[in-house]
Amino acid sequence: MLDTVKNILIITLKLLFCSFFTLFLTVGTGVVYTGKFDWQICLYLALSVLILAGMWLAFFVKNKKLRIYYLLLFMIFILTSKYLPSVKHQYDLDICMDTGVCDGVFPPKKGPSAFDSDYCVEDGDCAEGREVSTKYGKIIINKENCLKYSWTWYKKYSMCKLDTRDFIK
């Protein structure tokens, strides 16, 4: 009995070490390569590691409670992209790169959102009514201004695709 508890404790410690080491590496490389820290992406990557460890446990350990916990963890993992906007943005970017169809991939949401500014400044996808600082001065995004400065207007989403070189940062 004592040997089984000892073995389970050793396996648990190994899994925790691997999980924290992986999380440390993802945070470290994310900060180094992107210059900023995004906790949502790190959380998603940590969940990915737990899913891999849970998959191994679910297949090779004969414990029904463990399989139920794994199933719940897997469902949370699948739903994270809906609740973590940064992860959804990464999925959209990946789909855009894989298929080559990027037109309208990032439509801005109606109403105020903390993530609209990221799409606008980083990708140039700006919602109608947004005020931006460009090399032409401060401009309010609307159809007339969008076409006036030779940017692309998307009527379906009421957004303008700006050239990111036109921004004053």
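Because the structure is predicted, anything quoted here is derived from the model rather than measured.
Looking only at distances, no side-chain donor or acceptor of D125 sits under 3.5 Å from a matching main-chain atom of K161.
For the pair K148 and N145, the minimum side-chain heavy-atom distance is below 4.5 Å. Between V132 and C126, the closest side-chain pair of non-hydrogen atoms falls below 4.5 Å.
Cluster membership check: I141 shares its hydrophobic cluster with Y136, using side-chain heavy-atom separations under 4.5 Å among Ile, Leu, Val, Met, Phe, Trp and Tyr. Residues L73 and I68 are members of separate hydrophobic clusters, defined by side-chain heavy-atom contacts under 4.5 angstrom among Ile, Leu, Val, Met, Phe, Trp and Tyr. When hydrophobic clusters are built by joining Ile, Leu, Val, Met, Phe, Trp and Tyr residues whose side-chain heavy atoms come closer than 4.5 Å, directly or via intermediates, F74 is not grouped with L72. Hydrophobic clustering keeps I78 apart from L71 (ILVMFWY residues linked when any side-chain heavy atoms are closer than 4.5 Å, directly or through intermediates). Put simply, I140 and Y157 are part of two different groups of oily side chains (I, L, V, M, F, W, Y) that touch within less than 4.5 Å, one to the next.
The two residues I8 and T12 make their nearest non-hydrogen contact at O-OG1, 2.7 Å. The minimum heavy-atom distance between N142 and W153, with the atom names listed, is C-CZ3, 3.7 Å. L147 approaches W151 most closely through the heavy-atom pair CD2-O, 4.2 Å.
Few gaps surround OH on Y149; more than 12 heavy atoms of other groups in view lie less than 6.0 Å from it.
Going from atom NZ of K143 over to atom SG of C160 covers 11.5 Å, rounded to the nearest 0.5 Å. Going from atom CZ of R130 over to atom CD1 of I139 covers 13.0 Å, rounded to the nearest 0.5 Å.
Side-chain contacts under 4.5 Å among hydrophobic residues (ILVMFWY), followed directly or transitively, place L13 together with L9.
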